[in-house]
Amino acid sequence: MDPNVRAPSDLSATAVSEGINKIDFTGGDAAGNVVYEVWRRHGDTVDWYLHGTTAGPSFEDSEVKPGQYYEYKIRAVMGESASEFSESAVAYGK
């Protein structure tokens, strides 16, 4: 992890409609210089995996099943460097 790349903060995950969870967070670095990796697991006993990326401070997860537990965490990537992960946030699919 690179201490010069700041981890995202203020992560929240919300089931906004059927099949969609929205993830919002505060980015730590200048827009355009960083890509955010969205990591997900669908239960608290399974492994994390890279689910997607976003250039901005939000992400819509449209691969959500009703009633399923989803936990998310984010990290910033700038070139070959990556931040620490954010705290995680949980949402249950609608």
Side-chain angles (χ1 to χ4, degrees):
M1 301 305 132
D2 187 332
N4 297 317
V5 181
R6 292 178 293 172
S9 60
D10 303 320
L11 181 66
S12 67
T14 308
V16 293
S17 63
E18 186 174 336
I20 298 176
N21 285 347
K22 186 162 191 248
I23 296 90
D24 292 301
F25 57 93
T26 301
D29 292 288
N33 295 328
V34 66
V35 171
Y36 297 100
E37 293 181 344
V38 179
W39 289 70
R40 180 177 96 166
R41 63 182 178 171
H42 57 273
D44 61 358
T45 60
V46 297
D47 290 336
W48 290 96
Y49 63 93
L50 178 60
H51 183 60
T53 60
T54 182
S58 66
F59 179 82
E60 281 196 359
D61 183 359
S62 59
E63 299 174 19
V64 173
K65 295 179 183 171
Q68 177 69 51
Y69 170 105
Y70 294 95
E71 188 172 5
Y72 302 92
K73 62 183 179 179
I74 310 288
R75 74 175 176 178
V77 177
M78 192 180 312
E80 297 294 317
S81 300
S83 72
E84 295 288 331
F85 282 101
S86 67
E87 295 292 323
S88 66
V90 173
Y92 288 84
K94 278 191 175 181

Euclidean distance, H51 NE2 relative to K73 NZ, rounded to 0.5 Å: 15.0 Å
Looking at CG of D10 and OG1 of T26, how far apart are the two atoms once the value is rounded to the nearest 0.5 Å? 4.0 Å
Looking at P8 and I74, what are the two nearest heavy atoms and their distance? CG-CG2, 3.6 Å
Write down the atom of S81, the atom of V5, and the distance for their closest heavy-atom approach. CB-CG2, 3.7 Å
Look at the side chain of S88 and the backbone N and O of E71, then say whether any donor-acceptor pair between them is shorter than 3.5 Å. no
Any side-chain donor paired with an acceptor under 3.5 Å for Y49 and R40? yes
Shortest non-hydrogen contact from A89 to A13? CB-N, 3.8 Å
For the CD atom of E87 and the CG atom of L11, what is their distance to the nearest 0.5 Å? 9.0 Å
Compute the ring centroids of Y36 and F59, then answer whether they are less than 6.0 Å apart. no
Starting from Y92, walk the hydrophobic network (Ile, Leu, Val, Met, Phe, Trp, Tyr; side-chain heavy atoms closer than 4.5 Å) and list everyone else you reach, by chain and number. Y69, V90
Test of understanding: with salt bridge (Lys or Arg N to Asp or Glu O under 4.0 Å), list the residues that count as partners of D24, not counting sequence neighbours. K22
Cluster membership besides V77, Ile/Leu/Val/Met/Phe/Trp/Tyr side chains within less than 4.5 angstrom, sorted by chain and number, is none
Hits for side chain to side chain donor-acceptor pair (under 3.5 Å) against S9, two or more places apart or cross-chain, chain-then-number order -> none
For atom CG of D44, is the number of surrounding heavy atoms from other residues, nucleotides or ligands below 6.0 Å larger than 12? yes
Heavy atoms from other residues, nucleotides or ligands near NE2 of H42 exceed 12 (cutoff 6.0 Å): no
Atom of V46, atom of R41 and distance for their closest heavy-atom approach: O-CD, 3.3 Å
Looking at residues at least two apart in the chain, or sitting in another chain, which of them share a ring pair (Phe, Tyr, Trp, His ring centres under 6.0 Å) with Y72? none
Joining Ile, Leu, Val, Met, Phe, Trp and Tyr whenever any side-chain heavy atoms lie under 4.5 Å apart, the cluster holding V16 also takes in I20
Atom of W48, atom of W39 and distance for their closest heavy-atom approach: CZ3-O, 3.7 Å
Any chance you could measure R75, atom CZ, to T53, atom OG1, to the nearest 0.5 Å? 12.0 Å
